[in-house]
Amino acid sequence: MVAPNPKLLFANTAVVPVLTIERVEDAVPLARALAAGGLNVIEVTLRTDAALDAVQAIAAEVPETVVGVGTVTQASDIAFAFSAGAKFLATPGTPPALATALSKALIPVIPSCATVSEAMALAALGFSVLKFFPAESTGGIGFLKAIGAPLPELSFFPSGGIDAGTAPAYLALPNVIAVGGSWMVPKDALAARDFSKITALARAAAALRR
């Protein structure tokens, strides 16, 4: 058994905001601001105590947004994310035990790789869409170009260090299905709750296409 294929998640988007939410009260207005700008698939990382509560709030109050959980690092995270309402899961790396647990998930999974061997191991388990993280410091566009010929069946969701300037070059690659980034949610704008600025940056990001 392999978790549902995540390709449908990216059918109408090429950019996925990767969010670290410190305050639960920011979750719903942030998701609404991003959706207003055309970005309605988001990944909330499990890097703060507020993360799962933020996911739960977004899932309940912003139905137009597909909210996923990132930074899944252990099998127990899967059940917590699912219970919070996550619609997909993503990892920063995927050791064998975690990969096995993810293959049994009931929602789409984007397991991460940083090497060709890791990509091949995940492909052998039936995963066809992989996160490439941290993209910019692990070979970037050159890695994805090189891996395309020997592993043409794989699609990638690169994330880590990508910004508005580099995203178009990633999206031009045939094996890149979408990119993840946080540039559309500047820390100062979120701290000031300047959601109109976030919507404007989201609108520019949403205009990027594969």
Side-chain angles (χ1 to χ4, degrees), residues 6-72 81 84-90 92 107-108 110 131-137 140-141 157-173 176-210:
K7 281 191 175 181
L8 289 177
L9 293 171
F10 305 119
N12 297 308
T13 188
V15 177
V16 176
V18 179
L19 310 175
T20 300
I21 299 177
E22 301 279 354
R23 301 176 299 189
V24 175
E25 58 267 29
D26 289 337
V28 168
L30 176 57
R32 286 176 175 159
L34 292 167
L39 298 181
N40 63 352
V41 178
I42 64 175
E43 175 188 326
V44 177
T45 64
L46 289 181
R47 299 179 187 175
T48 70
D49 292 338
L52 288 173
D53 288 336
V55 170
Q56 188 170 31
I58 293 167
E61 299 184 45
V62 196
E64 66 271 27
T65 290
V66 177
V67 58
V69 166
T71 319
V72 171
K87 299 299 188 293
F88 67 93
L89 305 171
I107 55 177
I110 311 169
K131 192 169 187 178
F132 174 47
F133 176 85
E136 279 290 277
S137 59
I141 291 169
F157 169 53
S159 179
I162 298 173
D163 57 26
T166 56
Y170 279 95
L171 293 170
L173 300 177
V176 168
I177 195 168
V179 299
S182 58
W183 73 85
M184 67 295 295
V185 186
K187 289 182 179 180
D188 58 345
L190 184 58
R193 297 176 69 82
D194 186 353
F195 295 112
S196 60
K197 179 176 181 178
I198 290 170
T199 293
L201 291 169
R203 187 172 293 114
L208 299 176
R209 289 289 180 265
R210 289 188 298 277

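Model, not experiment: these values are computed from the prediction.
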Anything under 3.5 Å between a donor and an acceptor, one on a side chain of residues 55-62, the other on a protein residue two or more places apart or in another chain? List them.
none

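Going from atom OG1 of Thr20 over to atom CG of Leu46 covers 10.0 Å, rounded to the nearest 0.5 Å. Here CE of Met184 is found 13.0 Å from CG of Leu190. Values are rounded to the nearest 0.5 Å. Taken from CD1 in Ile21 to CG in Asp53, the straight-line distance is 11.0 Å, to the nearest 0.5 Å. Note: Glu25 CD to Arg193 CZ = 6.5 Å, rounded to the nearest 0.5 Å. For the atom pair CD of Glu136 and CD1 of Ile162, the computed distance is 6.0 Å after rounding to the nearest 0.5 Å. Here the straight-line distance linking atom OG1 of Thr71 with atom CG of Leu89 works out to 11.5 Å at 0.5 Å rounding.
Put simply, the side chain of Leu30 does not reach to within 4.5 Å of the side chain of Arg23, judged on heavy atoms. Val15 has its side chain within reach of Trp183: a pair of non-hydrogen atoms, C-beta onward, lies under 4.5 Å apart.
A side-chain contact (heavy atoms from CB on, under 4.5 Å) with Ile110 holds for exactly one of Phe133, Phe132, Phe157; it is Phe157. Of the listed residues (Thr13, Val185, Thr65), just one forms a side-chain contact (heavy atoms from CB on, under 4.5 Å) with Leu39, and that residue is Thr13.
Applying the side chain to side chain contact (heavy atoms under 4.5 Å, CB included) criterion to Ala50, with sequence neighbours excluded, gives Val24, Thr48. A search for side chain to side chain contact (heavy atoms under 4.5 Å, CB included) contacts involving Leu173 returns Ile141, Leu144, Lys145, Asn175, Val176, not counting sequence neighbours. In terms of the side chain to side chain contact (heavy atoms under 4.5 Å, CB included) criterion, residue partners of Pro108 (sequence neighbours excluded) are, by chain and number, Pro4, Pro6, Leu9, Phe88. For Thr199, the side chain to side chain contact (heavy atoms under 4.5 Å, CB included) partners at least two apart in sequence or on another chain are Ala33, Ala36, Arg203.
When the shell of 6.0 Å around CG of Asn12 is examined, it contains 12 or fewer heavy atoms from other residues, nucleotides or ligands.
Residues in residues 30-49 take part in these salt bridge (Lys or Arg N to Asp or Glu O under 4.0 Å) pairs, two or more places apart or across chains: Glu43-Lys131.
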